[in-house]
Amino acid sequence: MTELKLPSIDYAALSPILIMLGTALLGVLVEALVPRRWRHVVQLTLALLAVLAALTMVVLNSDERIITAGQALAIDGPTLFLQGAILVLAAMALLLIGDRSVERGGAFVAQAAVTAESADDRRQAEGRNGLTEVYPLTTFAIGGMLIFVAANDLLTMFIALEVFSLPLYLLCALARRRRLLSQEAAMKYFLLGAYASAFFLFGVALIYGFTAGMPGRPAGVDFATIHAAVSESPASQVLLFAGMALLAIGLLFKAAAAPFHVWTPDVYQGAPTPVTGFMAACTKVAAFGALLRVFHVAFTDANWDFTPVLGAVAVLTMLIGAVLAVTQTDIKRLLAYSSIANAGYLLVGVLAPSRDGLAGTMFYLVAYGFSVLAAFAVVTLVRDADGEATHLSRWAGLGRRSPFFAALFTFILLAFAGIPLTSGFMSKFAVFGPALENGQTWLVIAGVLTSMVLAFPYLRVVVMMWLSEPGESTPTVTVPGGLTSAALMIGVLATLVLGIAPAPLLDLATGAAEFVR
Amino acid sequence: MSNFPFLSVLTVAPLVGALVVAFLPRHRPELAKQVAFAWSLLVLVLSVVMWVSFKADGQRFQFRESYSWIPNWGISFTFAADGIALVMLMLIAVLVPLVILASWHDAESSKRSVPVYFALLLVLECTMIGVFAAADVFLFYVFFEVMLVPMYFLIGSYGGHQRQYAAVKFFLYSLVGGLFMLAAVIGLWVVGGKTLDWQTLSQVDISTGTERWLFLGFFIAFAIKAPFFPFHTWLPDAGGAAPAGAAALLVGVLDKVGTFGILRYCLPLFPEASKWFAPWALALGVIGIVYAALLAVGQNDLKRLVSYTSIAHFGFIGVGIFAFTTQAGTGAVLYMLNHGLATGLLFLVVGMLISRRGSALISDFGGAGKLVPVLAGVLFFAGLASLALPGTAPFISEFLVLIGTFTVNKPVAIIATLGIILAAAYVLWMVQRTTQGTLNPALTEVDGMRRDLNLREKVVVAPLIALIVLLGFFPKPVTDVINPAVQATMDDIGRTDPAPSVGGTVQEAGR
């Protein structure tokens, strides 16, 4: 009998993950033990403190470059950078989730089990306090994302995927208003997400089969083994290609890349807006973090095989996102398609396998996360008696009614359109430059051409807000309470600062842009 | 004095002014106007000081400043001005105060915030100065794109009929051009070894194929901006819808960024490609001259008419640039200045007419000279300057372009000469239909038409008229500054002027 050896675990390096998951469990206890009227404050404080503590640990760990917990988790530059990004963006999202002044009782339903459209439902919509279970759910999701970007083998990655996906499915279903839309969104997201997970798992199995049979090495799904297998394994290349394709499907689904994007508009529209913002910012960081690691660590030597395919996916994603964004009439769906197009630009960065390319992609993720959270923060503010007024025609003349918020939103839209002096422009340069350097000329040209198309829908919103006269139905902008204002201002300021002085963050990203294997 | 950081201060100053003006209380519009005007005068004074300290026979680029910006990408805030840029900076500094003065009451009719209008004008001035002062391609691109935003709101919020359509069209056209340029900028960054400093890049050798693509990326952006035929369709809409002051800046300065960009970036950075594309560019220029002039003849809207005349003039500038002779090049740069003065004046005067009549249609006028003789006289003068009458500044530049082109490319020069005849047609006919002939009875019923130029408007037009006449007789101060820069640009592409043929015959005769 062989002796079981316990793997050494570097608890300090894992502390951000442990803090988040521990807090999530604590949050469940709070639900059980703390009186109802205190729960909101306690939960929100707990979650924010946990995020801050985890962030502090990430900063303290910033020089760590190790693989720990057996081969399961890699705490290296990209991991720490992306974990930091997820935590900062999650803190902003938590501010939006915790706001109860914009809508009485918050953006979440008071009782998830109430039948939609019933009398009870109408009563709960009037302003009973929302569920506080959203906080443990969110912290679980954040914890899962932190593992996802650190995962150094495919099984850990799969478990992390489930840990952060399941809470997200639930969170989508918890909108206070338009409950049917919200439940439909959650259902769609869950079903399609389950398919994607199944694809991923199947891919893991095929890759395991592929690694088997290497002389002198055990089979496995950790990235070092896969990396070695790609050049050495005598197994059929079909296993490798099929496995890679299935893994890519699972990851591209989370990243909202075409043709696996169809859930995005429905889910973004139906989910409570703070959750949409959380998904658009943090899920994107996590999904691309995993994509980067899988393709740059495990499958580096197969890049001749996957680059053309991922390139085609990138072009398709940019095209579909940009063209369909033009036809949208709902602001949340428009932002969803814009997020799809941005996934395409990010894929261009993923396909630039250099240090600059990696740094550029990570910079893009952070910059986009700030802007998109600020955009959804504004969406939560534009409302009438029935909740958020998301139809674009209702935004006509908003610039006259509330010039301040319209100006902020215009700035965010200019950032999405990639106008200089916003982070949007710098991030485009950050991914297109290295991509061109690595010979991906056509991807860059496709990126530039789709940016032209994509400018049109953004501009249409600007025209709506500023150049149209306010109508009878133009909603008012609710003056936000402290939490939403804080999130909004952080997002806008970050967009501006990263647009004018991107050097510090770029330095940080470049310094971090090296994987350990 | 030459160590003073003129260019960065000039760029930042209007922005500070804009912030000050924007935060003035909305119910005190007069104060906002005065502050904006004073601020633009300050910029003018500083520009004059800079002009004086510029050494015409000194280095090509002067007032160079460089500050680190994004070291990772080899990008810095680098400013430097050659003679061409200096002339354009001076034009901006002169035009902006006049435009502010001319737009004194424009914003009031739009029911929108008056301070914001003047703040936008100052922001526009900041970006215009920045775009001409930048010596780093990245910095240039940043200003090139950001420039769209204030102009977009000036047209869209304060413009006339069809302003929404015009503003969006303007923005999208420019943005599309800008994104082509972005692709080329990234390409240049890669082949240039991760730097976008102009001086470094001008030393880099680029393979022929790449060079042509990069040239094309830049050229399309500049051709849309200038605009050259067939990328011109946004200008009549934008010029027609913009408030007169903004339109004067749009055509007078903003569009010069296109021709300036070709001179500063396309020619020196991609000399081979420039020569390869030159016949096409010349063809576009010539078509533009004739086509736009023909369309101008047919216009019934004053501002659209002036916009079309500008497209014809940009054809001349394009021909002057791509003829690759010092004479034509100097002519083209001088044209950029003179066109800014003459068309700026024409736009402002037309704006005064339109605000009095409440209509921009030529058919709504007729015999206006009998009611407002001074205004009609100024319109006539601006028209004559615009058609390049000898004695006015544009004549010299047009003549230089034509003779400079004639020495190397006779057919182009001859067809371009047609443009002069057509210019006479559209200008004189426009003047005749608005201010001459029998008085349109409807005009007498409009109150505004009984008021001739007031003091403020006289102050607006007087400096422009003086400059046009002065430079018409004595262009030397300006040509002295332009010549070395144009000479250097021609050296960059390795073209020398053909030897004068008369000299040859003299030699033969002597033998």
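Nothing here was measured: the structure is a model prediction, and the numbers come from that model. Below, chains carry the letters A, B, ... as their sequence lines are ordered, and counting in each starts from 1.
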Colleague: To the closest 0.5 Å, what do you measure between CH2 (W73(B)) and OG1 (T510(A))?
Modeller: 9.0 Å

Colleague: Any residues in residues 310-317 of chain A near chain B, with a heavy-atom distance under 4.5 Å, and which are they?
Modeller: none

Colleague: Counting only heavy atoms closer than 4.5 Å, note whether F144(B) contacts chain A via side chain, backbone, both or neither.
Modeller: neither

Colleague: Going by residue number, which parts of residues 426-440 of chain A are within reach of chain B, meaning a heavy-atom gap below 4.5 Å?
Modeller: M426(A), F429(A), A430(A), F432(A), G433(A), P434(A), L436(A), E437(A)

Colleague: Kindly assign one of parallel, tilted or perpendicular to the pair F138(B) and F425(A), based on the angle between their ring planes and the thresholds 30° and 60°.
Modeller: tilted

Colleague: Measuring from F180(B):CZ to I445(A):CD1, what's the distance to the nearest 0.5 Å?
Modeller: 9.0 Å

Colleague: Residue by residue, which of residues 410-417 of chain A have a heavy atom closer than 4.5 Å to a heavy atom belonging to chain B?
Modeller: T410(A), L414(A)

Colleague: Tell me the residues of residues 450-462 of chain A whose non-hydrogen atoms fall below 4.5 Å from those of chain B, in number order.
Modeller: S451(A), M452(A), A455(A), F456(A), L459(A), V462(A)

Colleague: Of the non-hydrogen atoms in P502(A) and I70(B), which two are nearest, and what is the gap between them?
Modeller: CG-CD1, 3.5 Å

Colleague: Side chain, backbone, both or neither: which part of L182(B) has an atom under 4.5 Å from a heavy atom of chain A?
Modeller: side chain

Colleague: Under 4.5 Å from any heavy atom of chain A, what part of V191(B) do you find: side chain, backbone, both or neither?
Modeller: neither

Colleague: Does the W69(B) side chain pair with the main chain of I500(A), one donor and one acceptor, at a distance under 3.5 Å?
Modeller: yes

Colleague: What's the spacing between I186(B) CD1 and T441(A) OG1 if we round to 0.5 Å?
Modeller: 11.0 Å

Colleague: Tell me the closest heavy-atom pair linking V448(A) and A183(B), and the distance in Å.
Modeller: CG2-CB, 3.9 Å

Colleague: Give the member of I75(B), L148(B), V190(B) that has the highest number of heavy-atom pairs under 4.5 Å with chain A.
Modeller: V190(B)

